[in-house]
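Chain identifiers are assigned alphabetically (A, B, ...) following the order of the sequence lines, protein sequences preceding nucleic acid strands; residue numbering begins at 1 within each chain.
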Protein chains: 2
Amino acid sequence: MSITSDILRGHTEAIILSNLIEQDSYGYQINKDIMKKTNNAYELKEATLYSAFRRLEQAGCIRTYWGDETVGARRRYYAITEEGRKAYQGYKQEWQEAKEIIDKLLK
Amino acid sequence: MSITSDILRGHTEAIILSNLIEQDSYGYQINKDIMKKTNNAYELKEATLYSAFRRLEQAGCIRTYWGDETVGARRRYYAITEEGRKAYQGYKQEWQEAKEIIDKLLK
DNA sequence: GAATATACCTCATCTGTCAATGTATATTCC
DNA sequence: GGAATATACATTGACAGATGAGGTATATTC
């Protein structure tokens, strides 16, 4: 991992939601996707991932169900809710604004 | 303030250093500058500012001296060190990378 | 049968942010 | 005269998100 967690902090939930907008997924897979998308520059720690899931579920942004795998380890799938889609739009908007602000400040 | 602190978290020190590269300054002024630069979209809380000063000094990124004001409240000035300039370059680099990564992830 | 990959989960700890609180000086305005 | 506001610095305790360390279980590869 090349970028510090304090910079990614605050984006965890948005990153997860972004993944779930494409399709329902489960923890392990989401993490793999993130690594792939960033060419291994960023990896969510498991504990971070699961605590974010808990927050997102509590907030009504995702719902969860168990996969029906007959082989291999069981998978807990997550699906984004309507609430979650709204939240995601908000996060994206916020990111665009934050980007501008930080760019201004780090000139 | 319109953008959440979790997103700015991790940029505080870089923002301060950026300010000190322009000129020596003091806490109150730095905060005012930040507000001005961001059109009041972002304001460092005082406690955040001062704890960042402490970290930066500890890390050798800034040094401090008292101003010689004869009127008004005393001012504690901060100056960036060579170490601090290097750190700032690192922060800027990191920000460029982080920006790309987050942009990829929030597509 | 040992190692590795897949897959889930929890707890204690760490770190940065911030509300609240305190001190002191100077200016403005009624 | 005095009340409000602006300037300026500083500390403390609480909070929240990130994470290292630990745990469980199944399947495959060598």
Side-chain angles (χ1 to χ4, degrees), chain A residues 1 3-17 19 24-36 40 42-59 61-62 64-78 91 94 98 102, chain B residues 1 3-17 19 24-36 40 42-59 61-62 64-78 91 94 98 102:
Chain A
M1 140 127 74
I3 115 172
T4 68
S5 51
D6 265 339
I7 289 189
L8 267 302
R9 191 186 176 113
H11 296 292
T12 308
E13 298 176 22
I15 290 168
I16 291 172
L17 290 178
N19 230 277
D24 289 10
S25 189
Y26 55 97
Y28 200 84
Q29 183 62 46
I30 290 173
N31 219 356
K32 286 266 178 285
D33 284 348
I34 290 170
M35 280 190 273
K36 198 179 167 195
N40 295 308
Y42 181 53
E43 175 193 9
L44 273 176
K45 301 301 178 304
E46 288 196 19
T48 305
L49 189 65
Y50 288 109
S51 69
F53 282 146
R54 228 173 301 133
R55 285 196 302 276
L56 284 166
E57 194 175 3
Q58 201 114 44
C61 290
I62 56 175
T64 164
Y65 57 93
W66 285 102
D68 57 356
E69 287 71 43
T70 48
V71 292
R74 62 192 180 153
R75 295 172 181 169
R76 182 194 282 279
Y77 281 86
Y78 297 94
Y91 280 130
E94 204 183 12
I102 298 171
Chain B
M1 140 128 73
I3 116 172
T4 67
S5 51
D6 266 337
I7 289 190
L8 266 302
R9 190 188 176 111
H11 296 293
T12 309
E13 299 175 23
I15 290 168
I16 292 172
L17 290 178
N19 231 277
D24 289 10
S25 191
Y26 55 98
Y28 199 85
Q29 183 62 46
I30 290 174
N31 219 356
K32 286 266 177 287
D33 283 349
I34 290 171
M35 280 190 273
K36 198 179 167 195
N40 295 309
Y42 181 53
E43 175 193 8
L44 273 176
K45 302 301 180 301
E46 288 196 20
T48 305
L49 188 66
Y50 287 111
S51 67
F53 281 146
R54 228 174 298 132
R55 287 196 302 276
L56 284 166
E57 195 175 2
Q58 200 115 44
C61 289
I62 56 174
T64 166
Y65 58 94
W66 285 103
D68 57 356
E69 287 71 44
T70 47
V71 293
R74 62 193 180 153
R75 296 172 180 169
R76 183 194 281 280
Y77 280 86
Y78 297 94
Y91 280 130
E94 205 183 13
I102 298 171

List every contact pair, protein side and nucleotides 21-28 of chain C side both N or O, where the distance is under 3.5 Å.
residue, atom, partner, partner atom, Å
C:dA26, OP1, B:G72, N, 3.3

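- In plain terms, the two heavy atoms of A:L44 and A:N31 that are nearest each other are O-ND2, 2.8 Å.
- No donor-acceptor contact under 3.5 angstrom links the side chains of A:T64 and A:E57, judged on distance only.
- For D:dA10, neither phosphate oxygen OP1 nor OP2 lies less than 4.0 angstrom from any side-chain nitrogen or oxygen of B:Y50.
- In this structure, B:I16 atom CD1 and C:dG16 atom P are separated by 12 Å, rounded to whole Å.
- Residue B:G27 comes nearest to B:Y50 through the heavy atom pair CA-OH, 4.4 Å, listed as atom of the first residue, atom of the second, then distance.
- Dashed line: the shortest gap from a side-chain N or O of A:S5 to OP1 or OP2 of D:dT19 is under 4.0 Å.
- Put simply, CG on B:L8 is 16 Å from C1' on D:dA16, counting in whole angstrom units.
- Among all heavy-atom pairs drawn from A:Y65 and A:D24, the shortest one is OH-OD2, 2.6 Å.
- OP1 or OP2 of D:dA8 sits under 4.0 Å from a side-chain N or O of B:R75.
- B:R76 pairs in a side-chain contact (heavy atoms from CB on, under 4.5 Å) with only one of the listed residues (B:Y28, B:W66, B:Y26), which is B:W66.
- Of all nucleotides listed (D:dA10, C:dC8, D:dA18), D:dA10 comes nearest to the side chain of B:Y78.
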* Could you walk me through whether B:I16 and B:Y78 pass the side-chain contact (heavy atoms from CB on, under 4.5 Å) test, one step at a time? => CA-CA 10 Å; B:I16 292 172; B:Y78 297 94; over 6 Å; no

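- Residue B:I30 comes nearest to B:F53 through the heavy atom pair CD1-CZ, 3.7 Å, listed as atom of the first residue, atom of the second, then distance.
- Put simply, A:T48 has a side-chain N or O that comes within less than 4.0 Å of OP1 or OP2 on D:dT19.
- Atom NZ in B:K45 sits roughly 18 Å away from atom C1' in D:dA8 (whole-Å rounding).
- Computed from coordinates, the B:L44 CG to C:dA19 C1' distance equals 15 Å when rounded to whole Å.
- Pairing each heavy atom of B:G10 with each of A:D6, the nearest pair is CA-CB, 3.8 Å.
- Across all strands shown, C:dA2 is found opposite D:dT29 as a Watson-Crick or G-U wobble partner, with both distances under 3.5 Å.
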Close N/O contacts between protein and nucleotides 11-15 of chain C (under 3.5 Å):
residue, atom, partner, partner atom, Å
C:dT15, O2, B:R9, NH2, 3.0

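- As rounded to whole Å, 14 Å separates atom C1' of D:dT7 from atom CG of B:L49.
- Between the CD atom of B:Q58 and the P atom of C:dG16 there is a distance of 11 Å, rounded to whole Å.
- The separation between B:R76 atom CZ and D:dC9 atom C1' is 8 Å, rounded to whole Å.
- The interatomic distance linking A:I7 (CD1) with D:dT19 (P) rounds to 12 Å, in whole Å.
- Note on B:S51: every side-chain N or O is 4.0 Å or more away from OP1 and OP2 of C:dC18.
- Atoms OH and CG, from B:Y91 and B:L17 in turn, are 6.5 Å apart once rounded to the nearest 0.5 Å.
- Distances shorter than 4.0 Å separate some side-chain N or O of B:K32 from OP1 or OP2 on D:dT7.
- Between B:Y26 and D:dA8 there is a side-chain N or O to OP1 or OP2 distance below 4.0 Å.
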* Test log, rule side-chain contact (heavy atoms from CB on, under 4.5 Å), inputs A:I15 and B:I102 -> CA-CA 8 Å; A:I15 290 168; B:I102 298 171; 5.6 Å; no

